[in-house]
Amino acid sequence: MKAIRTRGGLSVRLDLRTAAVVALLVAAALAGGVVLIGTGDFDIPAADVVRTLFGQGDAGQDFIVNELRLPRVLVGLLVGAALGLGGALFQSIARNPLGSPDVLGLGQGATAGALLVIVVFSGSAAQVAGGALVGGLVTGAAMYVLAWKRGVHGYRFVLVGIGMNAFAVALNGYLLTKADFVDAARAVVWMTGSLTGRDWEQVWPLFWLCVVLLPLVVAHARPLRMLEMGDDAAYALGVPVERTRLVLMGSAVLLTAAATAAAGPVSFVALTAPQLARRLTRSPGPNLLPAMCMGATLLIVSDWASQRVFGADQLPVGVVTGVLGGVYLLWLLVTERKAGRI
């Protein structure tokens, strides 16, 4: 930990290891994005991709890079960052490594909203995204209300979230049974979580949401760190506990719902990214920026793997993250059990 003082008297503490981890993850995410842009039926060398991004490519490369592949990569980076940050917020608020949107039902709630639009209204892609956003927000609000009892506490919040997840899964299954063949096939494709066909229409809403919410979340990082010590300790240190928790939970719900609206329910990124980031930084606390960068890197690497590892059978990125995240979840459960925490 290093203290940096400015001439105006402002003092900032900088964790050098955390800063190095963030820098490396940003570099890995950007490098992975360049490689992914060059990946496809028409491969483009990384050097040509970089030149094209700076406006020095030929017309064919410019179309492929900037119009076809760049929006998909940007959506992947933004979705991964939003899920990583949202997962870190939820795990810190719940004070539980299992307190992620995947386990708490936010992803399934957003899916229920999208399925309602697909099955009942046969809505357009934009309407499906709006339905997913509304479904996630309604689920988050219901969780907060049901978990409230003189405040929202970790294990009660997790238990309510697990119940909401079970309810949303049942609702989604019911909606699929009532859908006709075309709508059911469309719904199943959306439910896997995929970056295929994503364009600039998905990039800008998610980008501006992250631009607005990131400073708000970072401004509450210190109160969030105090909340991890317990409500009584936070009160004693002057933290407005419920207001802080409500702001951060609302931000996490918005980030998760918007990411789901953009790419479908990409599973386990929100669960694994904060934990992996914490293990790299070896730092207590929420590790918000490392978790965000880790989420972006995980999703880009998973999307590359979905296109390259399985040969001609390209998989939706949600399938790859589900496999990796399922293995990680089993390992986490075994570790927590051995430590006597569950």
Side-chain angles (χ1 to χ4, degrees), residues 82-116 131-175 191 213 217 220 223-224 226-232 234-235 239-261 265-275 286 291 325-326 329 332-333 336-337 341-342:
L83 290 176
L85 182 56
L89 289 172
F90 270 113
Q91 289 176 19
S92 294
I93 291 170
R95 286 183 283 169
N96 191 318
L98 297 178
S100 81
D102 306 297
V103 178
L104 300 181
L106 281 173
Q108 290 295 333
T111 301
L115 288 183
L116 278 171
L133 183 62
V134 172
L137 293 175
V138 170
T139 303
M143 288 167 51
Y144 189 85
V145 170
L146 292 174
W148 173 270
K149 184 179 179 182
R150 295 190 297 273
V152 176
H153 300 284
Y155 279 102
R156 185 164 66 242
F157 183 68
V158 172
L159 290 174
V160 169
I162 291 172
M164 291 294 297
N165 185 68
F167 175 79
V169 169
L171 176 61
N172 293 341
Y174 172 79
L175 290 172
M191 288 171 64
L213 290 182
V217 170
H220 286 79
L224 179 60
M226 295 177 182
L227 279 177
E228 289 188 337
M229 297 186 294
D231 287 3
D232 292 340
Y235 273 123
V239 176
V241 171
E242 289 307 323
R243 187 180 71 187
T244 301
R245 185 181 284 124
L246 183 60
V247 168
L248 293 175
M249 279 187 60
S251 300
V253 169
L254 277 171
L255 288 166
T256 304
T260 304
V266 179
S267 58
F268 286 113
V269 172
L271 174 69
T272 57
Q275 295 300 312
L329 178 59
L332 181 61
L333 288 171
E336 291 291 299
R337 183 177 180 273
R341 288 188 286 266
I342 59 174

Report the C-alpha distance between L104 and V160 in whole Å, list the side-chain angles of each, state the deciding distance to 0.1 Å, and finish with yes or no for side chain to side chain contact (heavy atoms under 4.5 Å, CB included). CA-CA 8 Å; L104 300 181; V160 169; over 6 Å; no

Please report the C-alpha distance between L255 and L83 in whole Å, then the side-chain angles of each, then the deciding distance to 0.1 Å, and finally whether the side chain to side chain contact (heavy atoms under 4.5 Å, CB included) criterion is met. CA-CA 7 Å; L255 288 166; L83 290 176; over 6 Å; no

Could you check L106 against V253 for side chain to side chain contact (heavy atoms under 4.5 Å, CB included), going step by step and ending with a plain yes or no? CA-CA 7 Å; L106 281 173; V253 169; 4.1 Å; yes

Q108 and T139: side chain to side chain contact (heavy atoms under 4.5 Å, CB included), yes or no, with the steps? CA-CA 9 Å; Q108 290 295 333; T139 303; over 6 Å; no

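Between atom OG of residue S92 and atom NE2 of residue H220 there is a gap of 14.0 Å, rounded to the nearest 0.5 Å. Rounding to the nearest 0.5 angstrom, the gap separating the OG1 atom in T256 from the CZ atom in F90 is 5.5 Å. The structure places CG of L115 at 5.0 Å from CG of N172, a figure rounded to the nearest 0.5 Å. To the nearest 0.5 Å, atom CG of residue L89 and atom CZ of residue R245 are 13.0 Å apart. Atom CG of L116 sits about 11.0 Å away from atom OG1 of T111, to the nearest 0.5 Å. With rounding to the nearest 0.5 angstrom, the CG atom of L146 is 12.5 Å from the CG atom of L159.
Remark: side-chain polar atoms of N165 are not paired, donor with acceptor, to backbone N or O of G161 under 3.5 angstrom. Using modelled atom types, one side-chain atom of D102 and one backbone atom of F268 make a donor-acceptor pair closer than 3.5 Å.
Of all the heavy atoms in A110 and T260, the pair that sits closest is CB-CG2, 3.6 Å. In this structure, V158 and A94 approach most closely via the heavy-atom pair CG2-CB, 3.9 Å. Nearest heavy atom pair, residue G109 against residue A168, reads N-CB, 3.9 Å. The shortest heavy-atom contact between G84 and A273 is CA-CB, 4.1 Å. Between L271 and S100 the shortest heavy-atom distance is CB-OG, 3.5 Å. Nearest heavy atom pair, residue S251 against residue L213, reads O-CD1, 3.9 Å.
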